[in-house]
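Values in this document were obtained by computation on a predicted structure and should not be read as measured data. Excluded from the calculations below are hydrogen atoms, water molecules and symmetry mates; all remaining heavy atoms, backbone and side chain alike, are included. So you know, we letter chains A, B, ... as the sequences are listed, proteins then strands, and number each from 1.
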Amino acid sequence: DAGVIQSPRHEVTEMGQEVTLRCKPISGHDYLFWYRQTMMRGLELLIYFNNNVPIDDSGMPEDRFSAKMPNASFSTLKIQPSEPRDSAVYFCGVGRDNEQFFGPGTRLTVL
Amino acid sequence: QKEVEQDPGPLSVPEGAIVSLNCTYSNSAFQYFMWYRQYSRKGPELLMYTYSSGNKEDGRFTAQVDKSSKYISLFIRDSQPSDSATYLCALRKGGSEKLVFGKGTKLTVNP
């Protein structure tokens with residue numbers, strides 16, 4: 001999984017609760033990405049960072065979603081409040097040398 | 001019209017067959033072309049990365065890009081049961097790190 005640790009691997013929560021997904025890239029990289037995968041919409045970019053700075057957040061669905069990257073080894077994606085339509089697999093990925101590599105994903109279920 | 005179109009399949013072939021997977025795209029701004037393989041409940045794994053039109057070969061895999069037709073292909077020779085997975089094409093425009101994915105084609109190789 002390209003040296004990316006995501007936690008938790010599975011999350012089940014109730015509508016209205018805050019959800020925080022975490023990503024720890026192990027190896028060196030230039031970019032960090034958050035993607036979301038659903039059956040209906042496939043794999044979609046939410047946001048990406050370059051050197052810890054957000055570059056493109058046009059894929060973030062709405063204000064309920066926020067992402068931070070306080071340092072090169074850690075990023076969070078927060079959903080507050082969560083809704084059932086947020087149920088999906090969320091992937092963190094890293095990019096270097098024009099290639100992108102994905103972590104194992106967090107499977108989120110919002111009841 | 002979606003930016004990237006990919007036949008979702010499913011595609012079922014016997015072991016040893018040649019597999020052809022395809023994507024079409026509408027925006028000529030796409031300059032970088034990738035194929036990812038995704039096993040069930042895993043993150044996407046980068047298989048092939050190409051920049052220019054033409055063919056690129058890596059073992060049993062060949063990626064083909066035809067920019068004039070806006071058509072990309074992945075060929076798998078001597079397919080194996082371990083190739084059973086979902087294959088996603090991913091495209092990127094120059095000046096951006098955002099990947100735009102096809103919906104994926106589910107492939108099953110039967111022993």
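- Linking Ile, Leu, Val, Met, Phe, Trp and Tyr whenever their side-chain heavy atoms come within less than 4.5 Å puts A/Ile47 and A/Ile79 in one cluster.
- Note: the hydrophobic cluster containing B/Leu21 also contains B/Phe30 (ILVMFWY, side chain heavy atoms under 4.5 Å, direct or indirect links).
- Interface remark: B/Tyr36 contributes side-chain atoms only to the contact with chain A (heavy atom separation under 4.5 Å).
- The local environment of NZ in B/Lys106 is sparse, with at most 12 non-hydrogen atoms from other residues, nucleotides or ligands closer than 6.0 Å.
- Contact between A/Phe91 and B/Gly43 at its shortest, heavy atoms only, is CE2-CA, 3.3 Å.
- Under a hydrophobic clustering in which Ile, Leu, Val, Met, Phe, Trp and Tyr are joined whenever their side-chain heavy atoms come within less than 4.5 Å, directly or via other members, B/Leu107 and B/Phe75 fall into different clusters.
- Heavy-atom neighbours of A/Glu14 CD from other residues, nucleotides or ligands within 6.0 Å: at or below the threshold of 12.
- A donor-acceptor pair under 3.5 Å links the side-chain atoms of B/Lys103 to the main chain of A/Met40, judged by distance alone.
- Within a 6.0 Å radius of CG in A/Asn71, more than 12 heavy atoms belonging to other residues, nucleotides or ligands are found.
- Inter-residue side-chain proximity for A/Glu99 and B/Met34 is flagged as unmet; no heavy-atom pair is nearer than 4.5 Å.
- Most heavy-atom pairs under 4.5 Å with chain B, from the set A/Gln100, A/Met39, A/Arg41: that is A/Gln100.
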*Would A/Leu45 and B/Glu97 satisfy side-chain contact (heavy atoms from CB on, under 4.5 Å), going step by step from the backbone distance to the final call?*
CA-CA 10 Å; A/Leu45 177 70; B/Glu97 297 299 314; over 6 Å; no

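- Residue B/Arg92 touches chain A through its side chain alone, counting heavy-atom pairs closer than 4.5 Å.
- Under the 4.5 Å side-chain criterion, counting only non-hydrogen atoms from C-beta, A/Gln37 is not in contact with B/Phe101.
- Looking at A/Tyr35 and B/Leu99, their side chains come closer than 4.5 Å, going by heavy atoms from C-beta outward.
- Neither the backbone nor the side chain of B/Glu45 comes within less than 4.5 Å of any heavy atom in chain A.
- A continuous path of Ile, Leu, Val, Met, Phe, Trp and Tyr side chains, each step under 4.5 Å between heavy atoms, connects B/Tyr49 with A/Val94, placing both in one hydrophobic cluster.
- Neither the backbone nor the side chain of A/Asn50 comes within contact range of chain B; no heavy atoms are under 4.5 Å apart.
- Contact tally against chain B (heavy-atom pairs below 4.5 Å) for A/Glu44, A/Arg107, A/Gln6: the top residue is A/Arg107.
- Atom CZ in A/Phe102 sits 8.5 Å away from atom CD in B/Gln38 (nearest 0.5 Å).
- Note on B/Phe33 and B/Leu88: separate hydrophobic clusters, where clusters join Ile, Leu, Val, Met, Phe, Trp and Tyr whose side-chain heavy atoms are under 4.5 Å apart, directly or indirectly.
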